[in-house]
Amino acid sequence: MSKLLSNAINRVKGILGADSTSAMLNPDPHIIPRDQHTISRKNISDAALRVMTTLRKAGFAGFLVGGGVRDLLLGGRPKDFDIATDATPEQVRKLFHNSRIIGRRFKIVHVRFGREIIEVTTFRGTHEQVEQSPKGKRPQNQNSAQSKNGMLLRDNVFGTVEEDAVRRDFTINALYYTTADFAVYDYTSGLRDLDEKIIRIIGDPETRYREDPVRMLRAVRFAAKLNFTIEKNTAKPILRLAPSLADIPAARMFDEVLKLLMSGYGADVYKLMQQYGLFEPLFPQTQPCLQQPQANILVEQAIKNTDARIQQGKPVTPAFIFAALLWPAVNERQQQLVKERVPEIPAMHQAAQEIASMQQQHTAVPKRFGIPMREIWDMQLRLSKRGGNKAEQMIENRRFRAAYDFLLLREQAGEPTDGLGQWWTDYQDRSPDQRAEMVAAIKEHNPKRKRKPRKKPNADNH
Ligand code: ATP
Ligand code: MG
């Protein structure tokens, strides 16, 4: 076989994967004309429409793609609009003065219109199949880089729209719409899967998960969000490959956790994460504690409460959800230290410090959330110390509300707190006089320190 031909076959295999039963590249797209689909310009943001028009006027293609098309076809409201084009990032940058190129691993252009940002992505092409050289070193190229286990470290190889379609994650995310002819272009039978409510990865599942393990998290996220089923071959390798999530940079993982657990359907996502072994690589310190029913209930309840708050339009903060997700580990470590005779407050500090810093290797929690997370933990012990002025000072603390909600959560999960939550609930309702009575009525558990008997001055020492 000629080298050229075998290279070409390898390239196609790369696109389709070794076992290409999942989703086929369809070089002739299924084109759905404007009168046969439900997407209307009215439901697309002006900013996204303007980007498409400007690109077209400059002689480039501009397609709405991804969640924008998917959610519109499902009758929902897209979270954001992503545009794919054949213009390079530099060409896009020149067309929009309010734009900037971001990312290194995966260059894209952000075009800003007031508060809205439109992400413009150049069509991605196929990476050359680089063979392992005898020394095991892979030749690296400026635009494309892959780790030894198949992870894509850089993806700036540009291509055609057909190639772009098969580099996307799931068939339902690879539908293209353009205002050039108002048609929907379907290269991977995404419309059929949308209709049948199926999450199907494009190409060989294992290859695609190795290229980017985050796709496993995206599979469960979309399954939960859309109430779709993960297709059999798409689901099969996840449990086995889930540990490869450990290789993803911790900052990206933090962002993914927020999308998974703070979008309003966290309870369903969490169930699937547990089912597919995807929680453990993100929270390895918490997972073993979940053997205990109390810890398990606390984590599930925190996620349910977050979903409910989002539904009610109440604010939610990553500090609270991370405080809850790590609490079982902090609590266990603190108790262990207390058993080793460390006093309870320093034990809490040490446990918090150890667990939080270890977690940074998995999900890098930015300081603006990490600090309040630790304050929530810290205040759990302080909430029981209410004598003198302490209760009044506590209620003035700007973290009181979060710490109090956290205390209620612990009680909901069955942690013994001796009715402390109810006490604080009442306290907040009472007048200053009644509050003073409540404080006076507390018999704080405050064992008098045993004083060491003073040594009598020993005359012999003088
Ligand atoms: P939503 O914005 O509602 O979370 P989305 O599908 O738009 O969902 P984005 O993260 O905005 O998701 O990505 C936009 C599109 O880019 C996706 O629909 C998909 O086509 C592609 N994409 C995103 N992440 C990946 C990935 N890790 N691998 C392959 N394609 C991806
Ligand atoms: Mg999107």
Side-chain angles (χ1 to χ4, degrees), residues 14-15 17 22-23 44-45 47-48 51 63-85 102-103 105-110 116-127 146 150-157 159 161-177 184-188 190 193-194 199-205 207-228 234 238 241 244-245 247-249 252-253 255-266 269:
I15 299 171
S22 309
I44 301 171
S45 79
V51 171
F63 289 95
L64 185 65
V65 66
V69 182
R70 180 194 70 218
D71 294 347
L72 286 176
L73 286 168
L74 288 172
R77 238 189 46 210
K79 206 176 72 199
D80 46 38
F81 292 98
D82 300 309
I83 304 288
T85 181
I102 61 156
R105 195 186 69 89
F106 192 90
K107 265 194 205 170
I108 56 176
V109 185
H110 273 180
E116 188 175 355
I117 289 177
I118 303 291
E119 252 180 42
V120 184
T121 311
T122 305
F123 296 147
R124 256 46 185 186
T126 320
H127 294 249
Q146 214 164 8
M151 191 149 81
L152 276 186
L153 303 175
R154 205 174 309 129
D155 186 3
N156 288 315
V157 178
V161 59
E162 291 86 352
E163 287 176 310
D164 187 72
V166 294
R167 297 223 42 86
R168 292 190 175 266
D169 47 6
F170 306 106
T171 60
I172 58 165
N173 286 347
L175 293 163
Y176 296 72
Y177 169 84
V184 170
Y185 288 69
D186 181 4
Y187 297 89
T188 63
D193 289 339
L194 207 56
I199 308 288
R200 187 193 308 269
I201 201 153
I202 299 170
D204 172 53
T207 310
R208 302 305 311 282
Y209 294 141
R210 287 201 185 281
E211 277 176 2
D212 182 4
V214 168
R215 290 173 185 150
M216 296 185 275
L217 294 175
R218 290 175 61 88
V220 298
R221 179 157 71 83
F222 293 123
K225 171 178 165 163
L226 306 171
N227 203 8
F228 277 28
T234 304
I238 299 184
L241 298 179
S244 63
L245 278 170
D247 301 334
I248 300 291
R252 183 170 178 213
M253 242 36 285
D255 294 341
E256 288 303 322
V257 169
L258 299 193
K259 288 190 214 162
L260 288 159
L261 300 179
M262 292 188 61
S263 298
Y265 41 86
V269 169

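On a predicted model such as this, the values are computed, not experimentally measured, just so you know. One-based numbering, in listed order, for ligands and for the atoms of each.
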>> Report whether any nitrogen, oxygen or sulfur of E119 sits less than 2.8 Å from the Mg ion (ligand 2) (N, O or S, backbone or side chain).
In response: no

Under 3.5 Å between any N/O of [X] and any N/O of ligand 1: does that happen in this structure?
| X | answer |
| --- | --- |
| K225 | yes |
| R208 | no |
| A174 | no |

Side chain, backbone, both or neither: which applies to [X] and ligand 1 if a contact is any heavy-atom pair less than 4.0 Å apart?
| X | answer |
| --- | --- |
| K79 | side chain |
| D212 | side chain |
| F222 | side chain |

Salt bridge present between [X] and [Y] (N-O < 4.0 angstrom):
| X | Y | result |
| --- | --- | --- |
| K225 | D71 | yes |
| D82 | R168 | no |
| K259 | D255 | no |

> Between Y185 and F63, how do the two ring planes meet: parallel, tilted or perpendicular, split at 30° and 60°?
Replying inline: perpendicular

> Which residue holds the protein heavy atom closest to atom 16 (O) of ligand 1, what is that atom called, and what is the gap in Å?
Replying inline: R168 NH1, 3.2 Å

